[in-house]
Amino acid sequence: MSAEPTLFEVIHSTRAMRRLKPDPVPKVLLDKILAAGICAPSGRNRQPWAFLVLREPAPKRFFADRYLSAMQKRFENSTLNPDDNSARARALRSTLHLAEHMHEVPVILLVCGERNWPLGVPPGWRVGRAPPSYASTLPCAQNILLAARALGLGACLTTLHQTFEIELCHYLRIPDDFGVAVAIPLGFPQGKFGPVTRRFASELTYYDTWGRKAQRKTPTGSA
Ligand SMILES: Cc1cc2nc3c(=O)[nH]c(=O)nc-3n(C[C@H](O)[C@H](O)[C@H](O)COP(=O)(O)O)c2cc1C
């Protein structure tokens, strides 16, 4: 791959990078990544996002301790055979690695969203707190992942903070009308970027009616 990957090279190689070096992320790169994030579309262009960049040891440790506890609880009944080299086992190992080293990553980027979704529901009519504008904050988060990859930084979209979000918001003084949509650990990768493994779009695509696959072209070129 060339030094400056093309858009499609970036898209095809932006995968969850969970083994990150502790080396600092230069502010100029972080600024570029955030500038890409805010280019995302949002409902009525309200841009209902805000970013909280955790770089100091104390807030990172607060986040990391709770993230690790939640991850250990989630996988407490999972057994991992050291000889198992399946995709599932490798994913589980990297997931646990990130949880165990979260406090060491140079940046934990919290993409926060205004609690105003679904649009059009008057605040007084809602039951409970509205979610943090997922439909707008997730495109923003994806732009961030792509920009990080383009700049040679590893990142991973995580959501396990939802199990301790109230405590997290209180600790970080996030106002009640905002929530944390995703948490993105960010740093230079220990390993190499590689292609993502996904099902083929053609397996999942129908034309005009659900279930109708694309017609194969005949040798003469007609459908
Ligand atoms: C909505 C969502 C939530 C996720 N939550 C977590 C998480 O809490 N922790 C984690 O390590 N990865 C998390 N991931 C990353 C996925 O596990 C990962 O993207 C997926 O397994 C595909 O892996 P790949 O991108 O390396 O191919 C999440 C991804 C998405 C889209």
A.B. asks: How close do Asn116 and Pro48 get, counting heavy atoms only, and between which atoms?
C.D. replies: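 Shortest heavy-atom contact: ND2-CB, 4.4 Å.
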A.B. asks: For the residue pair Val182 and Leu138, establish whether any side-chain heavy-atom pair is separated by less than 4.5 Å.
C.D. replies: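 Sidechains of Leu138 and Val182: in contact.
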A.B. asks: So do Leu110 and Leu172 actually touch side chain to side chain, heavy atoms under 4.5 Å?
C.D. replies: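 Side chain of Leu172 against side chain of Leu110, heavy atoms only: contact under 4.5 Å found.
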A.B. asks: Could you tell me whether a side-chain N or O of Glu9 sits under 3.5 Å from a main-chain N or O of Thr6, the two making a donor and an acceptor?
C.D. replies: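 Looks like yes, one N/O pair under 3.5 Å.
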A.B. asks: Is the Phe164 to Phe63 ring centre distance short of 6.0 Å?
C.D. replies: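 Yes, ring centres under 6.0 Å apart.
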A.B. asks: Shortest non-hydrogen contact from Val25 to Pro106?
C.D. replies: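 The pair with the smallest heavy-atom distance is CG2-CG, 3.8 Å.
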A.B. asks: Take atom CD of Glu203 as the centre, draw a 6.0 Å sphere, and report whether it contains more than 12 heavy atoms from other residues, nucleotides or ligands.
C.D. replies: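 Counting neighbours around CD of Glu203, more than 12 heavy atoms of other residues, nucleotides or ligands fall under 6.0 Å, so yes.
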A.B. asks: With a 4.5 Å cut-off on side-chain heavy atoms, are Val107 and Leu54 touching?
C.D. replies: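 When only atoms from C-beta onward are counted, Val107 and Leu54 do not touch, as no gap falls below 4.5 Å.
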A.B. asks: Are Ile33 and Leu151 close enough that some pair of their side-chain heavy atoms sits under 4.5 Å apart?
C.D. replies: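 Touching, per the 4.5 Å side-chain cut-off.
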A.B. asks: Could you tell me whether a side-chain N or O of Gln162 sits under 3.5 Å from a main-chain N or O of Leu160, the two making a donor and an acceptor?
C.D. replies: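 No; judged by distance alone, with no hydrogens or angles, the pair does not exist.
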A.B. asks: Heavy atoms, side chains only, cut-off 4.5 Å: are Tyr67 and Leu168 in contact?
C.D. replies: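 No, every pair of side-chain atoms sits at 4.5 Å or beyond.
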A.B. asks: How many angstroms lie between CD in Gln47 and SG in Cys39, if you round to the nearest 0.5 Å?
C.D. replies: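 One finds 9.5 Å between CD of Gln47 and SG of Cys39.
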A.B. asks: Taking all non-hydrogen atoms of both residues into account, name the closest pair between Leu145 and Thr14 and its distance.
C.D. replies: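 Smallest interatomic distance, heavy atoms only, reads O-CG2, 3.8 Å.
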A.B. asks: Just checking Ile166: does its CD1 atom have more than 12 heavy atoms from other residues, nucleotides or ligands closer to it than 6.0 angstrom?
C.D. replies: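 At most 12 heavy atoms, drawn from other residues, nucleotides or ligands, come within 6.0 Å of this atom.
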A.B. asks: Please check this pair: side chain of Ser42 against backbone of Arg46, looking for a donor-acceptor N/O pair closer than 3.5 Å.
C.D. replies: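 Yes, because the side chain of Ser42 sits within donor-acceptor range (under 3.5 Å) of the backbone of Arg46.
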A.B. asks: Ignoring hydrogens, what is the shortest heavy-atom contact between Ala147 and Ala36? Give both atom names and the distance.
C.D. replies: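 Residues Ala147 and Ala36, closest heavy atoms: CB-CB, 3.6 Å.
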A.B. asks: To the closest 0.5 Å, what do you measure between CZ (Arg15) and OG1 (Thr197)?
C.D. replies: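 Reported to 0.5 Å precision, the distance equals 8.0 Å.
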A.B. asks: Rounded to the nearest 0.5 Å, what separation is found between the CD1 atom of Ile108 and the NE2 atom of His103?
C.D. replies: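 Atom-to-atom, Ile108:CD1 and His103:NE2 are 10.0 Å apart.
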A.B. asks: Has Arg115 got a side-chain atom pairing as donor or acceptor with Phe178's backbone, closer than 3.5 angstrom?
C.D. replies: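 Yes; at least one donor-acceptor contact below 3.5 Å.
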A.B. asks: Measuring from atom NE2 of His97 to atom CG of Leu20, what distance do you get when rounded to the nearest 0.5 angstrom?
C.D. replies: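 So the NE2 of His97 and the CG of Leu20 are separated by 7.5 Å.
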A.B. asks: Side chains of Pro185 and Thr158: closer than 4.5 Å at any heavy-atom pair?
C.D. replies: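 Heavy-atom side-chain distance check passes, below 4.5 Å.
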A.B. asks: Tell me, yes or no, whether the heavy-atom count around Arg74 atom CZ, taken from other residues, nucleotides or ligands under 6.0 Å, exceeds 12.
C.D. replies: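 Incorrect, the count does not exceed 12.
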A.B. asks: Answer yes or no: does atom CZ of Arg93 have more than 12 heavy-atom neighbours from other residues, nucleotides or ligands under 6.0 Å?
C.D. replies: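 For Arg93, atom CZ is crowded (more than 12 foreign heavy atoms under 6.0 Å).
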A.B. asks: Pair Cys156, Ile184 - check side chain to side chain contact (heavy atoms under 4.5 Å, CB included), show working.
C.D. replies: CA-CA 5 Å; Cys156 177; Ile184 304 180; 6.0 Å; no
A.B. asks: Look at the side chain of Ser136 and the backbone N and O of Trp49, then say whether any donor-acceptor pair between them is shorter than 3.5 Å.
C.D. replies: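 Side chain of Ser136 to backbone of Trp49: no pair is present.
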A.B. asks: Are the charged groups of Glu114 and Arg129 less than 4.0 angstrom apart, N to O?
C.D. replies: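 A salt bridge is absent here (no side-chain N lies under 4.0 Å from a carboxylate O).
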A.B. asks: Could you tell me the separation between the CD1 atom of Ile144 and the CG atom of Leu186, rounded to the nearest 0.5 Å?
C.D. replies: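 Interatomic distance, Ile144 CD1 to Leu186 CG, rounded to 0.5 Å: 8.5 Å.
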A.B. asks: Going by an N to O cut-off under 4.0 Å, is there a salt bridge joining Lys60 and Glu104?
C.D. replies: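 No, this pair does not count.
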A.B. asks: Can you give me the closest heavy-atom contact between Met17 and Gly154, atom names plus distance?
C.D. replies: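 Closest approach of Met17 to Gly154, heavy atoms only: CB-CA, 3.7 Å.
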A.B. asks: When you group the ILVMFWY residues by side-chain heavy-atom contacts below 4.5 Å and let the links chain together, are Leu157 and Leu68 in the same group?
C.D. replies: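 In one cluster: no.
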A.B. asks: Does the side chain of Thr95 reach to within under 4.5 Å of the side chain of Met71, using non-hydrogen atoms?
C.D. replies: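 Of all side-chain heavy-atom pairs linking Met71 with Thr95, at least one is under 4.5 Å.
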A.B. asks: Keeping the roles fixed (side chain from Arg66, backbone from Phe62), state whether a donor-acceptor pair exists under 3.5 Å.
C.D. replies: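 Yes: the side chain of Arg66 pairs with the backbone of Phe62.
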A.B. asks: With side chains defined as the heavy atoms from C-beta onward, is the minimum distance between Ile38 and Asn143 less than 4.5 Å?
C.D. replies: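 Counting from C-beta outward, Ile38 and Asn143 never come under 4.5 Å.
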A.B. asks: Any sub-3.5 Å donor-acceptor pair from His161's side-chain atoms to Val180's backbone N or O?
C.D. replies: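 Such a contact is found between His161 side chain and Val180 backbone.
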A.B. asks: Cation over ring, Arg149 on Phe193, under 6.0 Å and within 45°?
C.D. replies: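 Yes, cation above the ring, under 6.0 Å and within 45°.
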A.B. asks: For Lys213, is the NZ atom crowded, meaning more than 12 foreign heavy atoms sit under 6.0 Å from it?
C.D. replies: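 For Lys213, atom NZ is crowded (more than 12 foreign heavy atoms under 6.0 Å).
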A.B. asks: Indicate if Val105 and Leu29 have the same hydrophobic cluster label, given that clusters are the connected sets of ILVMFWY residues with side-chain heavy-atom separations under 4.5 angstrom.
C.D. replies: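 Each belongs to a different hydrophobic cluster.
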A.B. asks: Is it true that, when you exclude Tyr206 itself, more than 12 heavy atoms of the residues, nucleotides or ligands shown sit nearer than 6.0 Å to its OH?
C.D. replies: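 Enclosed: over 12 neighbouring heavy atoms sit under 6.0 Å from OH of Tyr206.
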A.B. asks: Taking atom CD of Gln142 and atom OG1 of Thr137, what is their separation to the nearest 0.5 Å?
C.D. replies: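 If we round to the nearest 0.5 Å, Gln142:CD and Thr137:OG1 are 12.5 Å apart.
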A.B. asks: Of all the heavy-atom pairs spanning Ile174 and Cys112, show the shortest one and how long it is.
C.D. replies: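 Here Ile174 and Cys112 meet closest at CD1-SG, 4.4 Å.
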